[in-house]
A.B. asks: 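A single structure is presented below for examination.
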There are 2 protein chains.
Amino acid sequence: MTDHRPGVEAARADTPRFSPLYRQIKGLITRGLQAGEWKPGEPIPSETELAARFGVSQGTVRKAVDELAAENLLVRRQGRGTFVATHHEERTQFRFLRLRPDDGGPPGRMESRILECRRLRAPVEIARALGLRGGETVVFIRRLLSFEQRPTVLDDIWLPGALFRGLSAERLGASVGPLYGLFESEFGVRMIRAAEQLRAVAADREVATLLGVAPGSPLLQAERVTYTYQDRPVEVRRGRYVTDSFHYRSALG
Amino acid sequence: MTDHRPGVEAARADTPRFSPLYRQIKGLITRGLQAGEWKPGEPIPSETELAARFGVSQGTVRKAVDELAAENLLVRRQGRGTFVATHHEERTQFRFLRLRPDDGGPPGRMESRILECRRLRAPVEIARALGLRGGETVVFIRRLLSFEQRPTVLDDIWLPGALFRGLSAERLGASVGPLYGLFESEFGVRMIRAAEQLRAVAADREVATLLGVAPGSPLLQAERVTYTYQDRPVEVRRGRYVTDSFHYRSALG
DNA sequence: TAGTGGTCTAGACCACCGT
DNA sequence: CGGTGGTCTAGACCACTAA
């Protein structure tokens, strides 16, 4: 790279007064990830190699990789290398599902059933959340998650139609792992982070029937917006959780 | 300090195979915080000074402080110094209260009313969560939080009696800031982190009355265990939130 | 044993803050 | 201006993994 000295950067002067070198390196690595230069699950080049490529010291690369690892874009494995994060792994499996059995242990046998999958014009709120122009089509998915045969989660999912061409109930049914793994492998869309808004709601008749609870039962509702690279929203999800013997874990730091 | 070289550490050999130097430094700084060597809101010595005191390089101190800052025990302020975190500040004010108005903006005028404050023998579940022996006394507090005159949060709080001698309704009423600020200043108990379990429940008659909702209304319930240094539990809290126009924010990363 | 990430050092310089 | 944290470097050595 050229012109990455702090002073030079400062001279550029716009919104962020100063962008340190390691952040620029971070940006370059992110660009490589986004462009698919290294695929999920694969290792990226070693720190010394990246340092040579970018013409900076290893310490600077290290700090860039540190941040990317903290954001779960990369995974460090001592003695082996640094790998591109993937949703096809035990460890990342439940990163976005915060529901846990009250008795502690990991969730037991989980079964996913697709109830619906069709295309429709995006409702205004969905379009707004996804940054779509009015009238664009979205893929709508409704699915039911059961733990040990007990229906527990009803998810309604909206995805930008343009990014998920060819997504169908059959395709979903044929897949085994987590949805985000499918999205990553089949559509090249990598879910990076999400924000949820939680509230307690009363189950309406339709939802109550699907979840096997009495109408009016209290349900935990999670409205999620999921983002890919560049903080681009690519999924809206409304989940309803039966919290009789499960709870949603939240860590306050 | 003496004997902090990696090799020496490795030779000690027990559970953690190897404890890097910066973690030991981190432990020493934490001990200072816990012992009250530096008070909340005050600056700790500069990095160079700490490096000299501990006989390590500045970079090693830096990494220790980095972690402590990431855990919100310290706050770095460029050009000024590194300060001991405190609950008496705007920025940390809402660190543990994740409820937000649906319309985005920050919570409006908040009013806290103490409904109850008394001592009682710890119920078994509370005693277990707080690591108390059966029959020890706890302080029980019930309080109501209202936003813009609208009752929104009902908190039941249990604290170890031994740590909070002299805590009374009057004392609570006389205080202005957040509870954790009071606990920090008056009782020397600093809340560091917490874990919550969320579920949807139906309001019973008593709770419904206090919150001004219909009995059976769905409420978001948060069961919190709060920890101080050394991961010692020092508070159990059960909150019930009215989520008609508020939601609980959760970030998935 | 070779290669990777992880730690530690010493020193330089920069950005930011208060005086 | 002096002092603080923030960045960057170059080089050494350690811990871990796989072949």
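Since the model is a prediction, treat every value here as computed from it, not as a measurement. Throughout, a chain's letter reflects where its sequence line sits, starting with A, and its residues are numbered from 1.
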A.B. asks: Choose from D:dG6, C:dT4, D:dC8 the nucleotide whose nearest atom is closest to any side-chain atom of A:L21.
C.D. replies: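 Selected nucleotide (nearest to the side chain): D:dC8.
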A.B. asks: Kindly say whether A:A85 contributes a backbone atom to a donor-acceptor pair with the side chain of A:R190 at under 3.5 angstrom?
C.D. replies: yes
A.B. asks: Any residue in residues 74-89 of chain B with a heavy atom nearer than 4.0 angstrom to DNA chain C? Just list them by number, or reply none.
C.D. replies: B:Q78, B:G79, B:R80
A.B. asks: Whether A:E37 and A:R53 form a salt bridge (side-chain N of Lys/Arg under 4.0 Å from carboxylate O of Asp/Glu) is what I want to check.
C.D. replies: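 A salt bridge links A:R53 with A:E37.
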A.B. asks: Please list, in numerical order, the residues of residues 29-43 of chain B that have a heavy atom closer than 4.0 Å to any atom of DNA chain C.
C.D. replies: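 Residues of residues 29-43 of chain B under 4.0 Å from DNA chain C: none.
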A.B. asks: Do the side-chain N and O atoms of B:E235 and B:T226 include a donor-acceptor pair separated by under 3.5 angstrom?
C.D. replies: yes
A.B. asks: Round to the nearest Å and state the distance from B:I25 atom CD1 to C:dT7 atom P.
C.D. replies: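 Taking atom P of C:dT7 as the reference, CD1 of B:I25 is at 14 Å.
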A.B. asks: Separation of A:E47 atom CD from C:dG3 atom C1', in whole Å?
C.D. replies: 12 Å
A.B. asks: Not counting sequence neighbours, list each pair that qualifies as a salt bridge (Lys or Arg N to Asp or Glu O under 4.0 Å) and has a residue in residues 104-114 of chain B.
C.D. replies: B:R109-B:E148
A.B. asks: If we count only N and O atoms by modelled type, under 3.5 Å, do the side chains of B:R232 and B:Y227 hold a donor and an acceptor together?
C.D. replies: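 No, no side-chain donor-acceptor contact under 3.5 Å.
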A.B. asks: Does A:R100 use its side chain to pair, donor to acceptor, with the backbone of A:F246 at less than 3.5 Å?
C.D. replies: no
A.B. asks: Run the side-chain hydrogen bond (donor to acceptor under 3.5 Å, both in side chains) test against A:S185 and tell me which residues pass, sequence neighbours left out.
C.D. replies: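 Testing A:S185 for side-chain hydrogen bond (donor to acceptor under 3.5 Å, both in side chains), a comparison that skips the adjacent residues, returns A:H88.
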A.B. asks: Please confirm whether the shortest side-chain N or O distance from A:T60 to OP1 or OP2 of D:dT9 is below 4.0 Å.
C.D. replies: yes
A.B. asks: Any cation-pi pair here, B:R76 with B:F83, using under 6.0 Å and within 45°?
C.D. replies: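 B:R76 over B:F83 ring: no.
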A.B. asks: Please report, rounded to the nearest Å, how far the P atom of D:dC8 is from the CZ atom of A:F54.
C.D. replies: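 One finds 14 Å between P of D:dC8 and CZ of A:F54, rounded.
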A.B. asks: Considering the options A:V75, A:T30, A:T82, which one meets the side chain to side chain contact (heavy atoms under 4.5 Å, CB included) requirement together with A:L68?
C.D. replies: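 That would be A:T30; it is the only one of A:V75, A:T30, A:T82 passing the side chain to side chain contact (heavy atoms under 4.5 Å, CB included) with A:L68.
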A.B. asks: Starting at OH of B:Y22 and ending at C1' of D:dA15, how long is that distance when rounded to a whole Å?
C.D. replies: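 It is 13 Å, rounded to the nearest whole Å.
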A.B. asks: With respect to the side chain of A:S46, which nucleotide from D:dT4, C:dG5, C:dC8 is positioned closest?
C.D. replies: C:dG5
A.B. asks: Judged by atom type as modelled, is there a donor-acceptor pair below 3.5 Å linking the side chain of B:E196 to the main-chain atoms of B:V225?
C.D. replies: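 No; judged by distance alone, with no hydrogens or angles, the pair does not exist.
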A.B. asks: With side chains defined as the heavy atoms from C-beta onward, is the minimum distance between A:L163 and A:F187 less than 4.5 Å?
C.D. replies: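 No, every pair of side-chain atoms sits at 4.5 Å or beyond.
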A.B. asks: Nearest-Å distance, CD (B:Q58) to C1' (D:dG5)?
C.D. replies: 8 Å
A.B. asks: With a 6.0 Å cut-off on ring centres, are B:Y248 and A:Y248 close enough?
C.D. replies: no
A.B. asks: Between the axis at one end of the helix from C:dT1-D:dA18 to C:dG18-D:dC1 and the axis at the other (five pairs apiece), what's the angle to 10 degrees?
C.D. replies: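 That helix gives 10° between its end axes.
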A.B. asks: Kindly state whether the ring of B:F96 and the ring of B:Y180 have centres lying under 6.0 angstrom apart.
C.D. replies: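 Aromatic pair counts; centres sit under 6.0 Å.
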A.B. asks: For DNA chain C, which residues in residues 62-71 of chain A have a heavy atom at a distance below 4.0 Å?
C.D. replies: A:R62
A.B. asks: Do B:V153 and B:L99 touch side chain to side chain, with heavy atoms closer than 4.5 Å?
C.D. replies: yes
A.B. asks: Distance check needed: C:dC17 P versus A:F18 CZ, whole Å only.
C.D. replies: 14 Å
